[in-house]
Amino acid sequence: MTANEETQAPQQQRSGRHWAQINEVSFVAGMRLLFFVYRVFGRWPFRIMLYPVLVWYMARNPLARKASLDYLAHLRSAHPTLATPVGIRGAFRHFAAFGESLLDKMLLWGGLFPMDKVSVQNGSLITEAAAQGRGGLMMCTHLGNLELCRVLGRRHPNVKLTVLVHTKHAQAFNNMLAQLDPGSQMNLMQVTEMTPATAVILADKVAQGEFVVIAGDRVPVSPNPRVALAPFMGEAAPFPIGPYVLASLLNCPVFLMFSRRTHDGAELCFEGFREQIQLPRKQRDQLLGELAADYAARLEHHCLHAPLQWFNFYDFWALPTLDSHDAKP
């Protein structure tokens with residue numbers, strides 16, 4: 001099935017609310033208090049106080065709660081031998097991992113995260129390319145803590161990153177990060193729609209040896225987002241085709257970045273995805289479907305190593321619908 005055919009088959013794919021309409025950080029006020037608790041008393045008191053915040057959040061956000069239950073059910077169905085918690089208890093642990101992730105973001109930008117306990121796999125893929133003045137496109141995910149890619153970029157001055165974001169739904173949390181460290185906003189680029197002008201700016205950055213970072217596991221903020229269906233956790237899910245179209249325009253290598261929280265730190269893993277992406281008109285839809293499927297397979301592989309650290313709290317397997325005013329920056 002081609003990318004165009006997939007987006008035109010709603011009778012085979014349920015519709016769902018777009019992720020940008022769900023405020024996944026509505027307990028920012030609670031996180032401010034918990035950050036203070038951590039700084040004064042440590043992580044275990046933080047975790048104890050996190051529980052009532054999570055109960056309140058889960059009670060107030062039935063869509064996010066249902067999405068977590070759905071994801072865990074998909075995970076158990078597709079990988080029955082994996083010891084994955086399901087039901088309300090599993091969802092609670094899922095949200096608890098999300099709360100830990102938010103704390104880690106604040107610790108990162110507050111200079112309190114143990115950077116010496118962050119291990120990096122295949123980091124030479126990026127550092128060697130940067131040393132040669134070769135930029136590229138880096139596809140990240142909402143698995144683990146993608147903030148690490150920006151902080152680790154500071155370890156290597158020649159690795160320059162521009163992170164494409166849509167932060168309308170998370171402005172309060174991003175404001176909090178900016179208060180902890182104004183530099184947290186330095187390499188963010190707000191992109192709601194990829195215009196020719198935006199593409200020119202990004203092409204110039206890549207030509208100068210920089211890396212453009214874009215999420216590969218959330219569909220665009222658009223009333224009619226273009227997607228390709230790819231197998232993920234046992235069911236076809238819509239994935240954005242934008243990263244691959246952008247890579248073809250930039251004519252640059254494409255890398256993947258995955259992260260996960262470990263017992264006492266974190267792990268970053270880089271992978272080469274494509275040295276170059278070309279999308280000839282006659283094969284465009286087929287190639288986009290293949291690219292999305294390859295990406296989805298790598299995402300699923302890494303999710304299995306940290307199943308409770310994938311944070312997309314909306315109906316991921318549904319074709320998204322979005323009110324027109326939500327598509328505006």
Test ring-ring contact (aromatic ring centres under 6.0 Å, His included) on F313 and F95; report intermediate values, then the result. CA-CA 9 Å; F313 294 111; F95 280 102; 4.5 Å; yes
Do L107 and V40 sit in the same hydrophobic cluster, where Ile, Leu, Val, Met, Phe, Trp and Tyr count as joined when their side-chain heavy atoms come under 4.5 Å apart? yes
Among H94, K66, R76, find the residue that satisfies the side chain to side chain contact (heavy atoms under 4.5 Å, CB included) test when tested with Y71. H94
With the side chain counted from C-beta on, respond yes when R284 and L288 share a heavy-atom pair under 4.5 Å apart, and no when they do not. yes
Any side-chain heavy atom of V227 sitting closer than 4.5 Å to one from F239? no
Side chain of D204, backbone of V200: donor and acceptor closer than 3.5 Å? no
Which residue pairs pass the salt bridge (charged side-chain N to carboxylate O under 4.0 Å, His left out) test when at least one of the two sits in residues 124-135, sequence neighbours left out? R134-E275
Do S259 and L143 touch side chain to side chain, with heavy atoms closer than 4.5 Å? no
Is a side-chain donor or acceptor of D217 paired with a backbone partner of T141 at a separation under 3.5 angstrom? no
Do F98 and Y51 share a hydrophobic cluster, counting only Ile, Leu, Val, Met, Phe, Trp and Tyr and linking them when any side-chain heavy atoms are less than 4.5 Å apart? yes
Would you confirm whether the ring centroid of F316 sits within less than 6.0 angstrom of the ring centroid of W310? yes
Pairwise salt bridge (charged side-chain N to carboxylate O under 4.0 Å, His left out) hits with a residue in residues 251-271, at least two apart: E100-R261, D104-R261, R260-E267, E271-R298
Please tell me if the side chains of L164 and L202 come closer than 4.5 Å, counting only heavy atoms from C-beta onward. yes
Work out which heavy atom in G90 is nearest to a heavy atom in P85; give both atom names and the distance. CA-CB, 3.7 Å
Examine W44 and F46 and state if one hydrophobic cluster contains both, with Ile, Leu, Val, Met, Phe, Trp and Tyr joined whenever side-chain heavy atoms are less than 4.5 Å apart. no
Please output the side-chain donor-acceptor pairs of residues 242-258 that fall under 3.5 Å, not counting sequence neighbours, one pair per line with the distance.
from, atom 1, to, atom 2, distance (Å)
S248, OG, V245, O, 2.6
N251, OD1, Q276, NE2, 2.3

Close side-chain approach of T262 and K117, heavy atoms under 4.5 Å: no
Of all residues at least two apart in sequence or in a different chain, which pass the ring-ring contact (aromatic ring centres under 6.0 Å, His included) check with F41? none
I need the minimum non-hydrogen distance between D70 and W317, along with the two atoms involved. OD2-CE3, 3.8 Å
Linking I/L/V/M/F/W/Y whenever their side-chain heavy atoms sit closer than 4.5 Å, directly or via other members, would M233 and L69 fall into one cluster? no
Under a 4.5 Å cut-off applied to non-hydrogen side-chain atoms, are L304 and L82 in contact? yes
By side chain to side chain contact (heavy atoms under 4.5 Å, CB included), S77 pairs with (sequence neighbours left out) none
Looking at M139 and G216, what are the two nearest heavy atoms and their distance? CE-CA, 3.8 Å
With sequence neighbours left out, write down each residue that passes side chain to side chain contact (heavy atoms under 4.5 Å, CB included) with D294, or none if nothing qualifies. F273, R274
Count the heavy atoms of every other residue, nucleotide or ligand shown that sit under 6.0 Å from CE of M49, and state whether that count exceeds 12. no
